[in-house]
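Working notes, structure below.
No experiment lies behind these values; they were computed from the predicted model shown.
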Amino acid sequence: MAELPEKLGLLKKYAKKVYEIKVSRIVAEVEVGDIPRIVEELIKSLGKESLYLTTLVATDLPEQGIIRLDYFLSVLPEKKVVVLRAAVPREDPRAPSLLNILPGVFSAECEVYDLMGVVFEGNPHLRRGFFVPVEVAEKGIHPLKKDVKV
């Protein structure tokens, strides 16, 4: 892997593993509980206008008993995308919300909650029927889970 830019060096403090998957995309495998702290430190290091969440992806991995969360953060001055990758247990998927740190995460957290059932603790706006039809939500179905039968 290429050397991390100096301002992204703090990823090594938290990550179990850091690697580059493309020239401009760095993946840091971290604990889900550390994500707010990492984002706050990145903002402090880079500046609030230099970092934004482009997407949040949840991947159901039932064979491993987890849902993987990938937070894609665009780091403008470094022209890099940092992916904070974490896992939550599939049976009780919970992650801290980033809403108070990055307000733009609102729709991403609501989407992942509605489609996969991940509860973002501290986000008071989570509700079912945000993305899925109300009749699906009322049945307690999270349609992107691999074992769901509709």
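- Taking CD1 of I26 as the reference point, atom CD of E78 lies at 8.5 Å (rounded to 0.5 Å).
- Residues L76 and V81 do not share a hydrophobic cluster, defined by chaining ILVMFWY side chains whose heavy atoms lie under 4.5 Å apart.
- Side chains of S97 and E121: no donor on one and acceptor on the other come within 3.5 Å.
- For the atom pair CD (E40) and CG (L51), the distance works out to 11.5 Å, reported to the nearest 0.5 Å.
- At most 12 heavy atoms of other shown residues, nucleotides or ligands fall within 6.0 angstrom of atom NZ in K79.
- Once rounded to the nearest 0.5 Å, the distance linking CE of M116 with CZ of F131 reads 14.0 Å.
- Tested against D60, the residues K146, R90, K145, R68 include a single salt bridge (charged side-chain N to carboxylate O under 4.0 Å, His left out) partner, R90.
- Side-chain contact between F72 and L53 is absent, with no heavy atoms from C-beta onward closer than 4.5 Å.
- Counting heavy atoms from C-beta on, the side chains of E63 and L61 come closer than 4.5 Å.
- Contact detail for G33 and P96: the closest heavy-atom pair is CA-CG, 4.2 Å.
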Exercise for the section: Just do the salt bridge (Lys or Arg N to Asp or Glu O under 4.0 Å) check on R128 and D114 with the steps written out, would you? Expected result: CA-CA 5 Å; R128 295 304 316 274; D114 207 16; 2.7 Å; yes

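- The cluster map of Ile, Leu, Val, Met, Phe, Trp and Tyr, joined by side-chain heavy atoms under 4.5 Å apart, puts V57 and I21 in the same cluster.
- Panel note: side chain H142, backbone L115; no donor-acceptor pair is recorded below 3.5 Å.
- Heavy-atom minimum distance, E91 versus P93: C-CD, 3.6 Å.
- Judged purely by atom type and a 3.5 angstrom limit, E41 has no side-chain atom pairing as donor or acceptor with the backbone of L10.
- For the atom pair CZ of R37 and NZ of K13, the computed distance is 8.5 Å after rounding to the nearest 0.5 Å.
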Exercise for the section: Check the pair R85 / D70 against salt bridge (Lys or Arg N to Asp or Glu O under 4.0 Å), numbers first and verdict last. Expected result: CA-CA 5 Å; R85 179 169 284 170; D70 289 327; 2.7 Å; yes

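- A continuous path of hydrophobic side-chain contacts links I43 to V75 [ILVMFWY only; heavy atoms under 4.5 Å].
- Under a 3.5 Å cut-off, the side chain of K44 and the backbone N or O of V39 do not form any donor-acceptor pair.
- When every heavy atom of V88 is checked against every heavy atom of A95, the shortest pair comes out as CG1-CB, 4.3 Å.
- When all heavy atoms of V18 and L11 are compared, the pair lying nearest together is CG2-O, 4.3 Å.
- Taking hydrophobic clusters as Ile, Leu, Val, Met, Phe, Trp and Tyr residues chained together by side-chain heavy-atom distances below 4.5 Å, Y52 does not share a cluster with L46.
- Put simply, the residue from L56, T55, V83, V30 that forms a side-chain contact (heavy atoms from CB on, under 4.5 Å) with Y71 is L56.
- Both tests pass for K17 against the ring of Y19: distance under 6.0 Å to the centre and angle within 45° of the axis.
- Between F120 and L126 the shortest heavy-atom distance is N-CD1, 3.4 Å.
- Closest of all the heavy-atom pairs between H125 and N123 is N-OD1, 2.8 Å.
- Side-chain contact between P62 and D147 is absent, with no heavy-atom pair separated by less than 4.5 Å.
- Note on I35 and I66: separate hydrophobic clusters, where clusters join Ile, Leu, Val, Met, Phe, Trp and Tyr whose side-chain heavy atoms are under 4.5 Å apart, directly or indirectly.
- In this structure, CG on L84 lies 12.5 Å from CD on E31, to the nearest 0.5 angstrom.
- Atom CZ of R25 sits about 10.0 Å away from atom OG of S74, to the nearest 0.5 Å.
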